[in-house]
Amino acid sequence: MQLSGGAGDSAGQAVAGHRFTPGDVVVRREVLRGEVWFGCPTICVEDSADLLALYLPPGAEFGFPERGAFPCGRHPWQVAGHTAWSGHGKLMLQRPGEAHSVDVFWTGPDRAFAGWYFNLQDPLRRTPIGVDTLDHELDLWWPAGADRYVWKDVEMFAQRLVEGRYPGMAAAIRAEGDRIAALLDAGKRWWDEGWARWRPDPTWPLPALPAGWAAVPVH
């Protein structure tokens with residue numbers, strides 16, 4: 001399955017022509033002001049010219065670098081004591097060059113589809129071990145069965161701006177959120193809704209962060 005269409009060019013090219021294959025561990029790092037701030041191991045579901053689909057399984061460890069300037073403080077999940085992903089895991093669908101991912105969530109003992117989460121973030125930049133990005137705090141959430149999406153973390157986003165997390169980026173982040181909202185309002189669907197029925201391969205082992213994951217140069 002794929003998202004329809006595509007965007008960007010160089011951001012969609014793998015490092016040295018390499019693409020990940022299904023089942024590969026892909027380290028997703030957040031880079032804030034030029035330094036690694038957070039990392040987690042994901043599993044490659046699909047890596048094509050139009051789509052990078054990554055799965056973050058339950059129990060996947062969170063990594064936080066030991067050293068750094070951390071001008072905006074430590075990552076909020078580290079401060080809150082979160083050490084691993086919980087629940088059913090989530091699937092992240094990302095088109096090259098775009099400043100958001102479409103995340104898929106499930107809930108309950110039957111792993112029922114819970115909804116679409118439009119996660120605003122830096123466009124993915126490939127590294128030898130995975131991808132670098134930065135979450136933008138502001139998001140949209142469309143629960144399964146709901147008539148319309150809702151905005152999430154609007155007040156928290158405003159607070160992050162006060163903290164100086166996104167210097168010079170506020171207008172672009174808001175514009176991306178507004179662009180997504182306008183597409184949804186117009187009935188546009190740029191992702192394959194069949195992903196709601198996707199299930200992870202039961203033979204996949206729990207991924208781990210490789211040694212030296214935080215020392216790989218940022219992209």
Side-chain angles (χ1 to χ4, degrees), residues 11-48 51-96 98-106 117 119-137 139 160 165-166 195 198-219:
Q13 300 302 313
V15 173
H18 171 73
R19 288 196 183 280
F20 298 102
T21 58
D24 281 353
V25 174
V26 179
V27 178
R28 182 187 181 278
R29 305 190 305 181
E30 291 196 19
V31 175
L32 177 62
R33 296 196 180 185
E35 65 181 13
V36 178
W37 198 36
F38 166 79
C40 61
T42 69
I43 301 173
C44 175
V45 176
E46 179 180 330
D47 190 3
S48 64
L51 174 67
L52 178 61
L54 302 176
Y55 176 57
L56 180 61
E61 64 179 320
F62 294 157
F64 306 99
E66 296 181 1
R67 297 179 180 84
F70 308 119
C72 295
R74 290 284 187 166
H75 194 280
W77 286 356
Q78 184 177 17
V79 175
H82 298 315
T83 59
W85 188 262
S86 59
H88 285 286
K90 69 171 178 175
L91 184 67
M92 297 171 283
L93 309 174
Q94 296 132 134
R95 294 199 296 186
E98 287 198 333
H100 75 276
S101 65
V102 181
D103 296 353
V104 193
F105 283 87
W106 296 270
Y117 192 98
N119 188 68
L120 275 61
Q121 62 185 24
D122 282 1
L124 297 185
R125 305 176 299 277
R126 295 194 183 242
T127 75
I129 61 171
V131 292
D132 283 353
T133 185
L134 176 64
D135 185 86
H136 289 167
E137 197 76 55
D139 308 295
R160 298 306 186 209
R165 185 179 297 183
Y166 309 113
W195 285 109
W198 178 85
R199 290 181 176 273
D201 187 331
T203 67
W204 284 340
L206 184 66
L209 288 169
W213 67 271
V216 174
V218 301
H219 286 67

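Here the side chains of Arg165 and Trp37 are in contact, with some heavy-atom distance below 4.5 Å. Counting only heavy atoms from C-beta outward, the side chains of Leu32 and Cys72 approach each other to under 4.5 Å. For the pair Pro96/Leu52, no side-chain contact is recorded, criterion being any heavy-atom separation below 4.5 Å from C-beta on. Contact of the Thr42 side chain with the Phe20 side chain is not registered, since no non-hydrogen atoms from C-beta on lie closer than 4.5 Å.
Note: Tyr166 and His136 meet the aromatic proximity criterion, with ring centroids under 6.0 Å apart.
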Practice problem: Might you work through the side-chain contact (heavy atoms from CB on, under 4.5 Å) test for Trp213 and Thr127, ending with a clear yes or no? | Solution: CA-CA 11 Å; Trp213 67 271; Thr127 75; over 6 Å; no
Exercise. Walk me through it: do Met92 and Val131 pass the test side-chain contact (heavy atoms from CB on, under 4.5 Å)?
Key: CA-CA 12 Å; Met92 297 171 283; Val131 292; over 6 Å; no
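Note: Trp198 and Trp106 have tilted aromatic rings, judged against thresholds of 30 and 60 degrees for the angle between ring planes. A tilted orientation is assigned to the rings of Trp85 and Phe105, their planes being inclined by 30° to 60°.
Atom CD of Glu98 sits about 11.0 Å away from atom CG of Leu120, to the nearest 0.5 Å. Taking CZ from Phe64 and OG1 from Thr83, the interatomic distance works out to 8.0 Å, rounded to the nearest 0.5 Å. Taken from CD in Glu61 to CG in Leu206, the straight-line distance is 8.0 Å, to the nearest 0.5 Å. Going from atom CG of Asp132 over to atom CZ of Arg126 covers 12.0 Å, rounded to the nearest 0.5 Å.
The minimum heavy-atom distance between Tyr55 and Lys90, with the atom names listed, is CD1-O, 3.3 Å. Taking each heavy atom of Val216 and Pro128 in turn, the nearest pair found is CG1-CD, 4.0 Å. Listed here is the closest heavy atom pair of Cys40 and Leu56: SG-CD1, 4.0 Å. When every heavy atom of Pro210 is checked against every heavy atom of Val27, the shortest pair comes out as CD-CG2, 3.5 Å. When all heavy atoms of Ala208 and Val25 are compared, the pair lying nearest together is O-CG1, 3.9 Å. Among all heavy-atom pairs drawn from Val36 and Arg29, the shortest one is CG2-NH1, 3.5 Å.
Arg125 places a side-chain N or O within 3.5 Å of a backbone atom of His219 that can act as its donor or acceptor partner. Between the Glu35 side chain and the Ala69 main chain, a donor and an acceptor come within less than 3.5 Å of each other. Judged purely by atom type and a 3.5 angstrom limit, Ser101 has no side-chain atom pairing as donor or acceptor with the backbone of Asp103. No side-chain donor-acceptor contact under 3.5 Å links Glu46 to the backbone of Leu51. Side chain of Thr133 to main chain of Leu124: no donor-acceptor pair is present (N/O by atom type, distance under 3.5 Å, no hydrogens or angles).
Residues satisfying the side chain to side chain donor-acceptor pair (under 3.5 Å) test with Asn119, not counting sequence neighbours, are Gln121, Asp135.
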